[in-house]
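Read the structure below first, then the notes.
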Amino acid sequence: MVVMKRSRAVDQFMERAIQLSVENVRSGAGGPFAAVVVRNGAILATGVNQVTGTLDPTAHAEIVAIREACRAVRNFQLSDCELYTTCEPCPMCMGAIYWARIARIYYATTREDAAKVGFDDSFIYDQLALKLEARKIPMVQILRDQALQVFQEWERSQTKIKY
């Protein structure tokens with residue numbers, strides 16, 4: 001964990017995320033998580049956990065906020081943005097954060113705090129560390145040669161957008 005001197009604005013962005021998470025819990029719309037994407041010192045997008053309300057296991061607050069921010073800037077990269085999230089991001093959200101190239105993450109509670117109230121991601125972290133053949137969900141590779149042809153077509157494409 002990096003400890004750094006922070007401005008009042010940093011606290012205000014996290015306070016906004018916490019406020020959104022409280023509203024989400026009180027409304028019954030979803031879990032106790034919220035996120036705020038900030039660009040150039042202003043809130044660009046927000047997101048709250050919508051997993052149960054939308055029946056979408058990927059609708060974590062960070063994912064929702066990243067999607068909204070990308071639409072707002074009309075780009076899939078957020079390299080000039082910061083993310084404020086009420087909890088240390090789960091593995092799925094960390095993947096999205098890295099893919100979006102977010103510059104910095106501020107978080108409030110830890111994954112251990114979340115586990116204590118029923119949001120335990122330790123199984124996922126443990127599974128990701130295992131070799132494919134040792135994971136609980138079987139992973140079976142098929143039709144690799146056919147799929148590789150699509151990769152080769154991508155490499156040759158003159159219209160691809162690299163990311």
Side-chain angles (χ1 to χ4, degrees), residues 1-130 132 135-137 139 154 160-163:
M1 175 175 64
V2 174
V3 178
M4 57 185 273
K5 185 177 178 183
R6 61 184 195 270
S7 69
R8 177 68 187 128
V10 168
D11 286 354
Q12 289 174 330
F13 294 133
M14 184 60 77
E15 288 166 356
R16 178 63 180 137
I18 293 168
Q19 178 187 25
L20 290 168
S21 69
V22 168
E23 292 169 6
N24 203 47
V25 168
R26 290 181 181 165
S27 73
F33 306 99
V36 174
V37 176
V38 173
R39 183 183 197 197
N40 299 325
I43 294 176
L44 177 63
T46 65
V48 294
N49 180 281
Q50 300 176 7
V51 170
T52 57
T54 62
L55 305 178
D56 178 355
T58 69
H60 288 201
E62 297 91 338
I63 302 290
V64 172
I66 288 168
R67 288 175 180 161
E68 184 179 321
C70 287
R71 282 190 294 271
V73 300
R74 302 177 55 82
N75 197 324
F76 55 86
Q77 294 184 2
L78 302 171
S79 56
D80 59 348
C81 295
E82 298 174 332
L83 178 75
Y84 294 78
T85 180
T86 57
C87 188
E88 178 183 353
C90 75
M92 175 184 68
C93 293
M94 282 305 302
I97 290 163
Y98 275 103
W99 279 113
R101 294 170 176 81
I102 289 175
R104 175 173 282 133
I105 305 165
Y106 294 94
Y107 66 97
T109 58
T110 66
R111 60 178 145 173
E112 292 81 13
D113 296 326
K116 289 177 185 174
V117 296
F119 297 95
D120 190 354
D121 297 330
S122 62
F123 174 75
I124 299 169
Y125 284 101
D126 293 344
Q127 287 290 299
L128 291 175
L130 296 174
L132 296 179
R135 293 181 182 170
K136 182 174 169 91
I137 298 174
M139 294 186 65
W154 167 258
K160 67 183 169 204
I161 298 172
K162 291 186 178 185
Y163 60 98

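Side chains are part of it too, since the values below use all heavy atoms of this structure and drop only hydrogens, waters and symmetry mates.
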Non-hydrogen atoms of Ala108 and Met14 that approach each other most closely: N-CE, 3.8 Å
Val48 vs Val64 side-chain heavy atoms within contact, under 4.5 Å: no
Residues Gln77 and Ser79: side-chain donor-acceptor under 3.5 angstrom: no
Neighbour count above 12 (heavy atom, 6.0 Å) for Arg8 CZ: yes
Rounded distance (nearest 0.5 Å) linking atom NZ of Lys116 with atom CD of Glu112: 8.0 Å
Nearest heavy-atom neighbours spanning Ala34 and Ala17: CB-O, 3.1 Å
Closest non-hydrogen atom pair, Gly47 against Ala65: N-CB, 3.6 Å
Met92 to Pro57 - nearest heavy-atom pair and separation: CE-O, 3.8 Å
Minimum-distance pair of heavy atoms, taken over all atoms of Ile105 and Pro89: CG2-CG, 4.3 Å
Short side-chain donor-acceptor distance under 3.5 Å, Ser21 and Asn24: no
Which atom of Cys87 lies closest to which atom of Ala114, heavy atoms considered: SG-CB, 3.8 Å
Ile102 CD1 to Glu62 CD distance, which is reported to the nearest 0.5 Å: 9.0 Å
Tyr84 and Phe13 aromatic ring geometry - parallel, tilted or perpendicular at 30°/60° bounds: tilted
Side-chain heavy-atom pair Asp113, Glu88 within 4.5 angstrom cut-off: no
Straight-line distance of Glu82 CD to Leu44 CG, nearest 0.5 Å: 12.0 Å
Distance (rounded to the nearest 0.5 Å) between Asp56 CG and Asn49 CG: 10.0 Å
Any side-chain heavy-atom pair of Phe119 and Pro32 under 4.5 Å: yes
Atom NZ of Lys160: over 12 foreign heavy atoms under 6.0 Å: yes
Inter-residue atom distance Gln127.CD - Leu132.CG, 0.5 Å rounding: 11.0 Å
From CA spacing to verdict: side chain to side chain contact (heavy atoms under 4.5 Å, CB included), Arg39, Leu78: CA-CA 9 Å; Arg39 183 183 197 197; Leu78 302 171; over 6 Å; no
Atom pair CG (Asn75) and CZ (Arg101), whose distance is rounded to the nearest 0.5 Å: 9.5 Å
Side chain proximity check, Trp99 to Ile66, heavy atoms < 4.5 angstrom: no
Check: Val38 and Arg16 side chains under 4.5 Å, non-hydrogen atoms: no
Check: Thr86 main-chain N/O paired with Thr109 side-chain donor or acceptor under 3.5 Å: yes
Any side-chain heavy-atom pair of Pro91 and Leu128 under 4.5 Å: yes
